[in-house]
Trainee: 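My questions all concern the structure below.
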Amino acid sequence: MPLLLEERKQNSHGGSKGPPRVILRAYETAIKRYPSKRFSGPWYSDLWLREPWRCSVGRMLRRRLGVVFTAALLTPAFVLFFLSSPDLSGEQALVQRMAELRERLHHAEMLNQERLQDVILLSKKFNLIVRPDSESGNLTEFRASLSQETRDLLANLSHTSDMHLPSIYSYLPHLLHSHAATTPAFKLSKERHSATMVLGVPTVKRQVQSYLMTTLRNLIDSMSIEEMDECIIVVFVAEWDLDYVRQVASQIERKFPEHLDSGLLEVISPPQSFYPDMDKLRQTLGDPMERVRWRTKQNLDFAFLMMYAQPKGTFYVQLEDDIQTKKGYIATMKKFALQKTSEKKNWFVLDFCQLGFIGKMFKCVELPYLVQFFIMFYNDKPVDWLLDYLIQTKICNLDKDTKHCKKAKENVWIHFKPSLFQHIGTHSSLKGKVQKLKDKSAVGIPVQNTGSRLRLKQKGKDKQFGKIQLFFPHDNPTASVETQIKPYKAFTLQRAYRGESYFWGLLPQQGDKLQFKFEPPVVLKGFLFRSGNVEHPSDRLYNTTVEVLPTQPLSNLPDYLKRKLKTTEDSYIIVGDFDDMGVAEGTIDESFGEIKSLRLNVHVESDNWAILSEIHIETADSR
């Protein structure tokens with residue numbers, strides 16, 4: 001090795017001419033590989049004349065030259081590939097836009113057909129004017145005032161037909177006896193139209209608890225601002241008691257005033273005259289008459305809601321009043337629908353939930369098929385059965401087996417996974433029935449479908465939807481926590497305050513308190529207490545105030561503040577209370593200074609348990 005280094009040094013200074021440097025490196029490698037070899041004389045002559053050195057260097061040179069040649073050859077190709085690679089995102093956006101325009105065109109054609117029907121019906125009203133046998137004085141003068149072209153047009157449009165065209169009156173003849181039977185009995189609307197998506201949310205009076213406000217809040221909060229501008233949520237209060245309907249509408253007005261004003265929310269109810277005599281229905285499927293009346297009314301409820309929603313948008317989604325969804329569900333449904341359209345899939349229903357009739361999307365132009373089917377068989381089958389039978393009638397070949405039918409149905413009834421909606425209600429609208437129906441894709445519990453005729457065949461655990469958020473944790477200031485309300489199992493107030501779970505207490509009584517003593521005292525900016533959760537929306541705190549106790553005496557507070565304060569006998573200041581949605585939220589005047597205690601004071605005995613799903617006490621250091 002010293003000889004090698006010395007002779008390499010000589011070579012680099014113009015000594016005897018030797019091999020190139022790459023051969024020197026190959027030579028060093030060879031020495032390391034064959035340490036037992038020794039040789040004399042000039043190193044380069046041994047390198048070229050002796051084996052295995054010559055073979056080793058040759059292989060090394062060929063490898064290196066091959067790598068260099070390959071790199072030189074492939075580098076321009078890679079550069080050319082990446083530079084010339086097309087941007088597919090723009091093309092995909094164009095395809096989606098074309099699919100959206102195609103669906104809007106179909107919707108416009110549907111509206112045009114409806115206007116044509118209106119013109120034909122209107123022309124029949126003029127039949128009396130143009131008929132020769134109606135030559136009374138006033139009519140003759142009116143006819144004479146029309147131009148010949150107008151009279152010819154009316155005559156052509158007003159011809160009589162030997163055929164009787166079936167209509168809704170063929171299946172619901174009682175509608176002929178009331179001109180208001182197909183007009184909503186109550187309507188609260190800003191008349192928004194040309195929406196991309198219309199969400200139908202039917203609701204009825206429930207004897208135990210209502211989930212409607214929780215559902216609406218979740219549906220709206222899970223939308224973006226842009227999505228709110230292209231959607232309509234139609235709340236269909238399927239009750240004939242207008243006082244109750246107005247009560248629901250008033251509650252929605254209080255909770256969602258901005259969304260009513262924007263047109264995102266609408267509230268309607270049907271007239272009782274739309275429905276047949278419910279005491280004269282045929283008993284079918286061996287069901288008791290109470291159930292027959294319940295499912296019959298549900299069929300007609302859905303038909304009325306769909307007829308109202310059809311001209312308002314491109315797509316219609318059937319929901320229920322006791323569900324929860326995921327963030328971005330509108331964008332997901334829209335993208336999936338347009339993707340199937342761009343793929344030229346002739347779909348009839350897109351299914352975004354595995355349960356009953358929840359999360360089923362239809363094209364508004366095809367809703368008449370469904371409405372007609374519901375009206376034809378409203379007394380015979382449950383609503384989810386009718387949907388299945390309609391598609392089976394459209395698609396299945398009686399000459400083929402059930403396997404072929406199932407495969408054919410999958411082409412028009414397309415399921416989206418994971419599910420976007422989850423059923424949260426426990427109490428059904430059918431009196432006395434407990435509804436334990438859950439999406440098989442959620443929280444890993446077996447499906448128990450006690451309310452729907454459409455049973456799921458797959459059982460076991462499937463977490464398509466994922467778990468529903470039942471509480472909202474926050475970093476609260478250090479405090480000792482206590483309450484007289486007995487907690488259920490491990491759902492304690494201490495764990496809820498730490499953000500580990502929610503508090504679930506048994507039957508709050510008048511005078512019960514939930515107290516938070518700060519150690520040390522802190523300056524508070526605001527508070528948020530949310531009672532109830534999506535699974536138990538009625539387990540709320542009612543008639544409960546939020547009260548604080550400053551470290552300084554009340555007499556030290558500014559006069560303007562003392563004049564408007566409401567205080568308790570033990571010197572607590574009332575700073576807020578729980579509304580009818582079970583939420584207490586507010587700010588705390590910094591003039592109070594440091595607060596040593598905050599409490600929730602229950603003033604009325606409750607018939608329900610109470611859940612605190614969110615506790616957020618905001619300090620000056622909170623972010």
Trainee: Looking at residues at least two apart in the chain, or sitting in another chain, which of them share a side chain to side chain donor-acceptor pair (under 3.5 Å) with R217?
Mentor: D221
Trainee: Angle between ring planes, W413 versus H415, binned at 30° and 60°: parallel, tilted or perpendicular?
Mentor: parallel
Trainee: Can a donor-acceptor pair be found, under 3.5 Å and without considering hydrogens, that links the side chain of E227 to the backbone of A331?
Mentor: yes
Trainee: Is there side-chain contact between L265 and L216, with at least one heavy-atom pair below 4.5 Å?
Mentor: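 Yes, at least one pair of side-chain atoms sits under 4.5 Å.
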Trainee: Quick one: do the Q339 and E343 side chains pair a donor with an acceptor below 3.5 Å?
Mentor: yes
Trainee: From I424 CD1 over to D322 CG, what is the distance, rounded to the nearest 0.5 angstrom?
Mentor: 6.5 Å
Trainee: Any salt bridge linking D579 with R254? Criterion: basic side-chain nitrogen under 4.0 Å from a carboxylate oxygen.
Mentor: no
Trainee: Classify the ring geometry between F357 and F302 as parallel (under 30°), tilted (30 to 60°) or perpendicular (over 60°).
Mentor: perpendicular
Trainee: List for me each residue that meets side chain to side chain donor-acceptor pair (under 3.5 Å) alongside Y308, sequence neighbours excluded, and say none if there are none.
Mentor: E266
Trainee: Given side chain to side chain contact (heavy atoms under 4.5 Å, CB included), test F529 with E585 step by step and report yes or no.
Mentor: CA-CA 6 Å; F529 295 95; E585 185 175 12; over 6 Å; no
Trainee: Can you find a pair of side-chain heavy atoms, one from F373 and one from Y389, that are under 4.5 Å apart?
Mentor: yes
Trainee: Side chains of F352 and F416, heavy atoms from C-beta outward: is any pair under 4.5 Å?
Mentor: yes
Trainee: Quick one: OH on Y171 to CZ on F377, what's the gap to the nearest 0.5 Å?
Mentor: 8.0 Å
Trainee: T214 side chain to P537 main-chain N or O, any donor-acceptor pair under 3.5 Å?
Mentor: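 Looks like no, no N/O pair under 3.5 Å.
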Trainee: Between S269 and R246, does any side-chain donor sit less than 3.5 Å from a side-chain acceptor?
Mentor: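 Per modelled atom types, S269 and R246 side chains form no pair under 3.5 Å.
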Trainee: Out of curiosity, I232 CD1 to M197 CE, how far, rounded to the nearest 0.5 Å?
Mentor: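 Taking CD1 in I232 and CE in M197, the distance rounds to 12.0 Å.
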Trainee: Side-chain contact test, heavy atoms from C-beta onward, threshold under 4.5 Å: evaluate it for V317 versus M333 and give yes or no.
Mentor: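 In contact.
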Trainee: Judged by atom type as modelled, is there a donor-acceptor pair below 3.5 Å linking the side chain of S178 to the main-chain atoms of L175?
Mentor: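 A pair under 3.5 Å: no.
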Trainee: Side-chain contact, heavy-atom cut-off 4.5 Å: Q422 with L355?
Mentor: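 A side-chain contact under 4.5 Å exists here.
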Trainee: Which distance, rounded to the nearest 0.5 Å, do you find between the CG of D279 and the CE of M289?
Mentor: 8.0 Å
Trainee: Between the main-chain N or O of S167 and the side-chain N or O of S170, is there a donor-acceptor pair closer than 3.5 Å?
Mentor: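 Between the backbone of S167 and the side chain of S170 there is a qualifying donor-acceptor contact (under 3.5 Å).
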Trainee: Report yes if the distance between the aromatic ring centroids of W504 and H536 is under 6.0 Å, otherwise no.
Mentor: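 Aromatic pair counts; centres sit under 6.0 Å.
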Trainee: Determine yes or no for a side-chain-to-main-chain donor-acceptor pair under 3.5 angstrom, with R540 supplying the side chain and I611 the backbone.
Mentor: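 No.
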Trainee: Heavy-atom distance under 4.5 Å between the side chains of N533 and Y502, does that happen here?
Mentor: yes
Trainee: Cation-pi check, K394 to Y369: give yes when NZ or CZ is under 6.0 Å from the six-membered ring centre and within 45° of the ring axis, no otherwise.
Mentor: yes
Trainee: Test salt bridge (charged side-chain N to carboxylate O under 4.0 Å, His left out) on E230 and K334 and set out the steps.
Mentor: CA-CA 11 Å; E230 63 175 358; K334 179 181 176 181; 3.3 Å; yes
Trainee: Closer than 3.5 angstrom, by distance alone: can the side chain of S531 be matched with the main-chain N or O of G582 as a donor-acceptor pair?
Mentor: yes
Trainee: Is the shortest heavy-atom distance from the side chain of L188 to the side chain of E253 under 4.5 Å?
Mentor: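 The answer is yes, as the side chains (C-beta and beyond) meet within the 4.5 Å cut-off.
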Trainee: Can you list everything that forms a side chain to side chain donor-acceptor pair (under 3.5 Å) with T203? Sequence neighbours excluded, please.
Mentor: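 Residues passing side chain to side chain donor-acceptor pair (under 3.5 Å) with T203: D321.
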Trainee: Is there a ring-ring contact (aromatic ring centres under 6.0 Å, His included) between F304 and F274? Walk through the geometry before answering.
Mentor: CA-CA 9 Å; F304 192 100; F274 176 73; 5.0 Å; yes
Trainee: Are any side-chain N or O atoms of Q247 and backbone N or O atoms of Q251, one a donor and one an acceptor, separated by less than 3.5 Å?
Mentor: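 No; zero donor-acceptor contacts below 3.5 Å.
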Trainee: When you measure from the centre of the six-membered ring of W347, is the NZ or CZ of K363 closer than 6.0 Å and no more than 45° off the axis?
Mentor: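 Because its charged atom sits under 6.0 Å from the ring centre and within 45° of the axis, K363 does stack over W347.
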Trainee: Could you tell me whether the side chain of L199 reaches within less than 4.5 Å of the side chain of I330, counting heavy atoms only?
Mentor: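 Yes, at least one pair of side-chain atoms sits under 4.5 Å.
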Trainee: For C231 and L264, what are the C-alpha separation, side-chain angles and deciding distance, and is it a side chain to side chain contact (heavy atoms under 4.5 Å, CB included)?
Mentor: CA-CA 6 Å; C231 292; L264 172 62; 4.1 Å; yes
Trainee: With rounding to the nearest 0.5 angstrom, report the CD to OG distance, Q354 to S419.
Mentor: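 One gets 4.5 Å once the value is rounded to the nearest 0.5 Å.
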Trainee: For T325, is there any backbone N or O sitting under 3.5 Å from a side-chain donor or acceptor partner on N218?
Mentor: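 Pair found, side chain donor or acceptor close to backbone of T325.
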Trainee: Please assess M213 against I252 for the test side chain to side chain contact (heavy atoms under 4.5 Å, CB included), listing each intermediate value before the final yes or no.
Mentor: CA-CA 8 Å; M213 297 302 158; I252 293 175; 3.5 Å; yes
Trainee: Measure from the side-chain N and O atoms of K340 to the backbone N and O of L338, and report whether any donor-acceptor pair falls under 3.5 Å.
Mentor: no
Trainee: If you round to the nearest 0.5 Å, how far is CZ of R295 from CG of N379?
Mentor: 7.0 Å
Trainee: With side chain to side chain contact (heavy atoms under 4.5 Å, CB included) as the criterion, how do L600 and F578 come out once you've worked through the C-alpha distance, each side chain's angles and the decisive distance to 0.1 Å?
Mentor: CA-CA 10 Å; L600 308 181; F578 283 78; 4.0 Å; yes
Trainee: When you compare the side chains of Y275 and D301, does any donor N or O come within less than 3.5 Å of an acceptor on the partner?
Mentor: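 Y275 vs D301: donor-acceptor pair found between side chains.
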Trainee: Only pairs under 3.5 Å count here: list side-chain donor-acceptor contacts from residues 404-412, not counting sequence neighbours, and write none if there are none.
Mentor:
unit_1	atom_1	unit_2	atom_2	d
K409	NZ	D388	OD1	2.9

Trainee: For K190 and H259, indicate whether the former's side chain and the latter's backbone hold a donor-acceptor pair under 3.5 Å.
Mentor: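 Looks like no, no N/O pair under 3.5 Å.
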Trainee: Not counting sequence neighbours, which residues clear side chain to side chain donor-acceptor pair (under 3.5 Å) with R530? List them please.
Mentor: E614
Trainee: Please output the side-chain donor-acceptor pairs of residues 237-245 that fall under 3.5 Å, not counting sequence neighbours, one pair per line with the distance.
Mentor:
unit_1	atom_1	unit_2	atom_2	d
E239	OE2	K205	N	2.8
D241	OD1	D243	N	3.1

